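Working notes for the structure below.
Only a predicted model underlies this, so the values are computations on that prediction, with no experimental measurement involved.
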Amino acid sequence: AGHEVLDMGCGTGILGILAEMRGASHVHGIDVDTWCIENTLENAQRNQSKMTASLGGAEAIQGTFDTICANINLNVLLADMKSYVHALKKGGTIFFSGFYQENIPALRQAAEDHGLSYVGVKEREQWRSIKMVK
């Protein structure tokens with residue numbers, strides 16, 4: 001509740017819309033795909049969400065956030081780690097998802113190298129999500 005949330009790699013906007021439904025004060029999505037931005041904005045409107053979205057990658061991040069959801073493939077997560085950490089407020093939480101079990105050590109190490117602390121992992125079938133804090 002009350003968090004400013006970034007949905008990085010927003011796709012359909014589902015994570016950002018859910019964050020707003022759970023009480024986020026502001027949600028912004030970013031994606032490299034024009035269709036994803038259009039889809040996010042359409043889904044936000046259909047769900048009476050005030051979520052905003054913009055086209056781009058990590059270079060499009062503006063401001064800082066209490067919570068970041070980054071549901072992107074491992075190579076992008078690793079390449080953009082510095083940008084995510086820079087955009088995360090002190091004490092903030094980041095959720096990484098979109099990768100496999102075997103990717104956890106590399107992702108965790110990169111995040112810890114940038115000053116994040118590991119909280120835990122959730123798994124479902126072949127997919128994993130890691131929670132880390134700044």
Side-chain angles (χ1 to χ4, degrees):
H3 282 204
E4 293 184 53
V5 176
L6 173 63
D7 184 354
M8 195 66 208
C10 59
T12 62
I14 188 67
L15 296 177
I17 293 167
L18 178 60
E20 186 178 325
M21 288 177 172
R22 296 284 183 136
S25 62
H26 178 261
V27 180
H28 184 70
I30 298 175
D31 204 292
V32 297
D33 188 323
T34 302
W35 179 88
C36 289
I37 298 303
E38 292 170 2
N39 195 248
T40 291
L41 294 173
E42 179 181 333
N43 287 333
Q45 181 181 23
R46 287 182 179 198
N47 287 279
Q48 293 80 46
S49 169
K50 295 177 184 150
M51 180 179 179
T52 58
S54 58
L55 185 64
E59 78 288 345
I61 300 172
Q62 295 183 6
T64 56
F65 299 87
D66 301 294
T67 303
I68 298 175
C69 300
N71 184 31
I72 308 172
N73 73 57
L74 178 68
N75 293 335
V76 175
L77 292 173
L78 294 175
D80 294 343
M81 184 68 66
K82 184 177 180 179
S83 296
Y84 304 147
V85 174
H86 182 73
L88 188 63
K89 292 179 183 176
K90 185 174 181 175
T93 302
I94 186 163
F95 297 94
F96 296 110
S97 57
F99 53 88
Y100 296 108
Q101 173 71 30
E102 60 267 19
N103 301 139
I104 291 175
L107 182 58
R108 182 175 173 181
Q109 185 64 56
E112 289 175 343
D113 287 349
H114 283 88
L116 297 179
S117 298
Y118 177 79
V119 175
V121 64
K122 297 274 184 176
E123 48 189 73
R124 184 174 185 177
E125 298 174 10
Q126 298 292 325
W127 297 99
R128 304 296 182 266
S129 176
I130 296 177
K131 179 180 180 180
M132 301 194 82
V133 297
K134 184 173 184 181

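You'll find the side chain of N47 stays beyond 4.5 Å of the side chain of E20, heavy atoms only. Between I104 and Q101 there is a side-chain heavy-atom pair separated by less than 4.5 Å. Taking the side chain as every heavy atom from C-beta outward, N103 and L77 never approach each other to under 4.5 Å. Contact check for L107 versus M81: side-chain heavy atoms found under the 4.5 Å cut-off.
Cluster annotation: I17 and F65 are assigned to distinct hydrophobic clusters (Ile/Leu/Val/Met/Phe/Trp/Tyr, side-chain heavy-atom contacts under 4.5 Å, transitive). Hydrophobic clustering, with ILVMFWY side chains joined whenever heavy atoms are under 4.5 angstrom apart, keeps I68 apart from L18. Criterion: ILVMFWY side-chain heavy atoms under 4.5 Å apart, direct or through other members. Under it, L78 and L88 are part of a common hydrophobic cluster. Connection of V121 to F95 is not established within any shared hydrophobic cluster, with ILVMFWY side chains joined at heavy-atom distances below 4.5 Å, either directly or through further cluster members. Residue L6 is not grouped with residue M51 when hydrophobic side chains (ILVMFWY) are merged at heavy-atom distances under 4.5 angstrom, including chains of intermediate members.
Shown are K134, K89, K90; of these, the salt bridge (charged side-chain N to carboxylate O under 4.0 Å, His left out) with D66 is made only by K89.
We find the CZ-OG distance between R124 and S129 to be 12.0 Å, quoted to the nearest 0.5 Å. From T67, atom OG1 reaches atom CG of D7 across 11.5 Å, with rounding to the nearest 0.5 Å. Interatomic distance, L116 CG to T93 OG1, rounded to the nearest 0.5 Å: 10.0 Å.
The backbone N or O of S83 lies less than 3.5 Å from no partner atom in the side chain of D80, so there is not a single donor-acceptor pair. Under the 3.5 Å distance criterion, the side-chain polar atoms of T64 are left unmatched by any main-chain donor or acceptor of A87.
Across all non-hydrogen atoms, the minimal contact from G57 to I30 is O-CG2, 3.7 Å. Between G16 and V27, the closest heavy-atom pair is CA-CG1, 3.4 Å. Contact record, R128 with E125: NH1-O, 2.9 Å, taken as the closest heavy-atom pair.
Contacts of V119 classified as side-chain contact (heavy atoms from CB on, under 4.5 Å), with partners at least two apart in sequence or in another chain: K131, V133.
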Audit row: Y100, L74, side chain to side chain contact (heavy atoms under 4.5 Å, CB included) steps and yes/no: CA-CA 9 Å; Y100 296 108; L74 178 68; over 6 Å; no
I would like to know whether Y84 and I72 meet side chain to side chain contact (heavy atoms under 4.5 Å, CB included); could you show each step before the answer? CA-CA 12 Å; Y84 304 147; I72 308 172; 3.4 Å; yes
Starting from the C-alpha separation in whole Å, work towards a yes-or-no answer on side chain to side chain contact (heavy atoms under 4.5 Å, CB included) for T52 and H26. CA-CA 9 Å; T52 58; H26 178 261; 3.8 Å; yes
Report the C-alpha separation of I61 and H86 in whole Å, then their side-chain angles, then the decisive distance to 0.1 Å, and conclude whether the side chain to side chain contact (heavy atoms under 4.5 Å, CB included) test is met. CA-CA 10 Å; I61 300 172; H86 182 73; over 6 Å; no
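Applying the 6.0 Å contact sphere to CD of E102 captures more than 12 heavy atoms from other residues, nucleotides or ligands.
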Extract all donor-acceptor atom pairs below 3.5 Å that involve side chains of residues 32-43 and protein atoms in other chains or at least two apart in sequence.
from: D33; atom 1: OD1; to: W35; atom 2: N; distance (Å): 2.8
from: N39; atom 1: OD1; to: N43; atom 2: ND2; distance (Å): 3.1
from: T40; atom 1: OG1; to: G11; atom 2: O; distance (Å): 2.9
from: T40; atom 1: OG1; to: G13; atom 2: N; distance (Å): 3.2
from: T40; atom 1: OG1; to: C36; atom 2: O; distance (Å): 3.0
from: E42; atom 1: OE2; to: R46; atom 2: NE; distance (Å): 3.4
from: E42; atom 1: OE2; to: R46; atom 2: NH2; distance (Å): 2.9
from: N43; atom 1: ND2; to: T12; atom 2: O; distance (Å): 2.9
from: N43; atom 1: ND2; to: N39; atom 2: O; distance (Å): 3.3

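Note on residues 107-123: pairs passing side-chain hydrogen bond (donor to acceptor under 3.5 Å, both in side chains), not counting sequence neighbours, are R108-E112, Q109-D113.
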